[in-house]
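Reminder, nothing fancy here: chain letters follow the sequence lines and each chain counts from 1.
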2 protein chains.
Amino acid sequence: MAGKREANRQDLKSRLVAAAREQILDKGLKGIRARDVTTRAGCALGGLYSVFEDLDMLVIAVNAETLMQLDAVLSSAAAGRPGPVAQMRAMARAYLRFALDNRNLWNAVFGHRLPEGANIPQWYVDEYVAMFRHVVAPLAMLEPELSPGKLNLKARSVFAAVHGIVAISIQERFVGVPGESLERELDDFIETLAAGIAARRGRTAQR
Amino acid sequence: MAGKREANRQDLKSRLVAAAREQILDKGLKGIRARDVTTRAGCALGGLYSVFEDLDMLVIAVNAETLMQLDAVLSSAAAGRPGPVAQMRAMARAYLRFALDNRNLWNAVFGHRLPEGANIPQWYVDEYVAMFRHVVAPLAMLEPELSPGKLNLKARSVFAAVHGIVAISIQERFVGVPGESLERELDDFIETLAAGIAARRGRTAQR
DNA sequence: GCGCATTTTGAACATTGTTCAAATATTTTT
DNA sequence: AAAAATATTTGAACAATGTTCAAAATGCGC
């Protein structure tokens, strides 16, 4: 019976993450309480702190899972699409759909903030940044002459722009634009961006 | 000595908003505590609740002021610029600078979320949405044939896209891109968008 | 099975937002 | 101007929360 300690520990960890995920799913980010989560996970209150540094780190663990999911969604959305523009359009749509279908999880990822002094773990940042690679691929086809550094920067911007459009529409701050017209808006945005890139190609000496 | 009641009330209100603003300025959104704010404002703990429904509403009052500031900044950034593209570029830059110079206030505006049931007051939403008008003006010059409805939708998207780019860069989740290259990236983005709009003009039957 | 090391437990604590009866201040009435 | 009526301000008390840590329970090597 060796290694039972480590096994228990891992089991507790995943039970806690699962519990926190469910909690976020139906109560949102603010609805996650140490007592509820530990009860749900079937451990004592203090158990949480034997596996995570604090509640924020548990949230980050949940968010990491969500990011993995989103990454996979983007991957399969782009797979097999003919041409860079179609790929980007498909990913933008998939991003929108994911956000709409998993609003609370998605809000947890982008709405969670650590308290003033604390720093986000590097592995989490890396996982986040890794998603940009999905945009790098099609963008490189549209602008083959771009250096890797500029390509990365630009991919990040395109990602961020799509994110911004989705985010501002989802925050039901104002009456939500109907989902379908939002999808058209996104399509249009990608199309315009691509047309702009094509139009500007070679026209400028250097950027 | 008539009307002293209302005067006192208004005075308390603005002292509270000012105190909360300072608190956010140097401690961030999470650093705002009922006790600190009321002490700073020179009233008792309960005083806060005689003027605001709760802490969240006080935050919204601060955010409303910040939005006004930002609105003014965008206004004067665009004023006198020759042509729509120059206007949009100037506003994007101004937006970035404002976010960088007022990080905590800006984060409070876009990072604050009400608890599950509560609803954002309509006057606040209106103030927020009003900012889009700054993008509507130049966009209308670029695409004069667009209906007012589509124009609004598109202006919102452009605003959101710029917001997204700024937001993702500012969240120091990953090593911040140096401010200057970020500015160039924004310029480039606006330029590309404008080129795309021009290239697509008339080419599509209807959108 | 026994003793040691590690983990789990949950009562206790500190820090919050919020409430509300009492105290204070203002306005109205006489 | 004093008294009565009304409204506001106060801050002690409460409830809800994240976090800690000594004691109890559990796992491990012999």
| Contacts of B:F159 that satisfy ring-ring contact (aromatic ring centres under 6.0 Å, His included) - sequence neighbours left out | B:Y95, B:F132

| task | Quickly work out the A:Y49 OH to D:dC21 P distance and round it to whole Å. | result | 13 Å

| Can you name the residues that form a side-chain contact (heavy atoms from CB on, under 4.5 Å) with A:N102, not counting sequence neighbours? | A:F98, A:L105

| remark: Sorted by chain and residue number, the side-chain hydrogen bond (donor to acceptor under 3.5 Å, both in side chains) partners of A:R21 (sequence neighbours excluded) come out as A:E65, A:Q69

| said: For B:E22, give me all partners under salt bridge (Lys or Arg N to Asp or Glu O under 4.0 Å), at least two apart in sequence or on another chain. | reply: B:R40

| query | Thinking salt bridges, do A:R156 and B:E185 make one under a 4.0 Å N-O criterion? | reply | no

| Results of side-chain contact (heavy atoms from CB on, under 4.5 Å) for A:A86 - residues two or more places apart only | A:R81, A:P82, A:R89

| query | Rounding to a whole Å, what distance do you find between A:Q10:CD and C:dT7:P? | reply | 12 Å

| field | Contact list for DNA chain C against residues 21-37 of chain B - heavy-atom distance below 4.0 Å | value | B:I32, B:R33, B:A34, B:R35

Atom pairs under 3.5 Å, N or O on each side, protein against nucleotides 9-11 of chain D: can you list them with distances?
{"residue": "D:dT10", "atom": "OP2", "partner": "B:A44", "partner atom": "N", "Å": "3.0"}
{"residue": "D:dG11", "atom": "N7", "partner": "B:G46", "partner atom": "N", "Å": "3.3"}

Side-chain donor/acceptor pairs under 3.5 Å, residues 46-57 of chain B, sequence neighbours excluded:
{"residue": "B:S50", "atom": "OG", "partner": "B:G47", "partner atom": "O", "Å": "2.7"}
{"residue": "B:D54", "atom": "OD1", "partner": "B:D56", "partner atom": "N", "Å": "3.2"}
{"residue": "B:D54", "atom": "OD1", "partner": "B:M57", "partner atom": "N", "Å": "3.1"}
{"residue": "B:D56", "atom": "OD1", "partner": "B:H112", "partner atom": "NE2", "Å": "2.9"}

| Under the side-chain hydrogen bond (donor to acceptor under 3.5 Å, both in side chains) test, residues paired with B:R35 that sit two or more places apart | none

| task | Check DNA chain D against residues 52-59 of chain A and give the residues with a non-hydrogen atom under 4.0 Å, in numerical order. | result | A:D54, A:L55

| Starting at CG of B:D11 and ending at P of C:dT26, how long is that distance when rounded to a whole Å? | 13 Å

Only distances under 3.5 Å count here; give the side-chain donor-acceptor pairs of residues 26-34 of chain A to other protein atoms, sequence neighbours excluded, each with its distance to 0.1 Å.
{"residue": "A:K30", "atom": "NZ", "partner": "B:R113", "partner atom": "O", "Å": "2.3"}
{"residue": "A:R33", "atom": "NH1", "partner": "A:G31", "partner atom": "O", "Å": "3.3"}

| said: Please enumerate all residues that pass side-chain hydrogen bond (donor to acceptor under 3.5 Å, both in side chains) together with A:E127, with sequence neighbours excluded. | reply: none

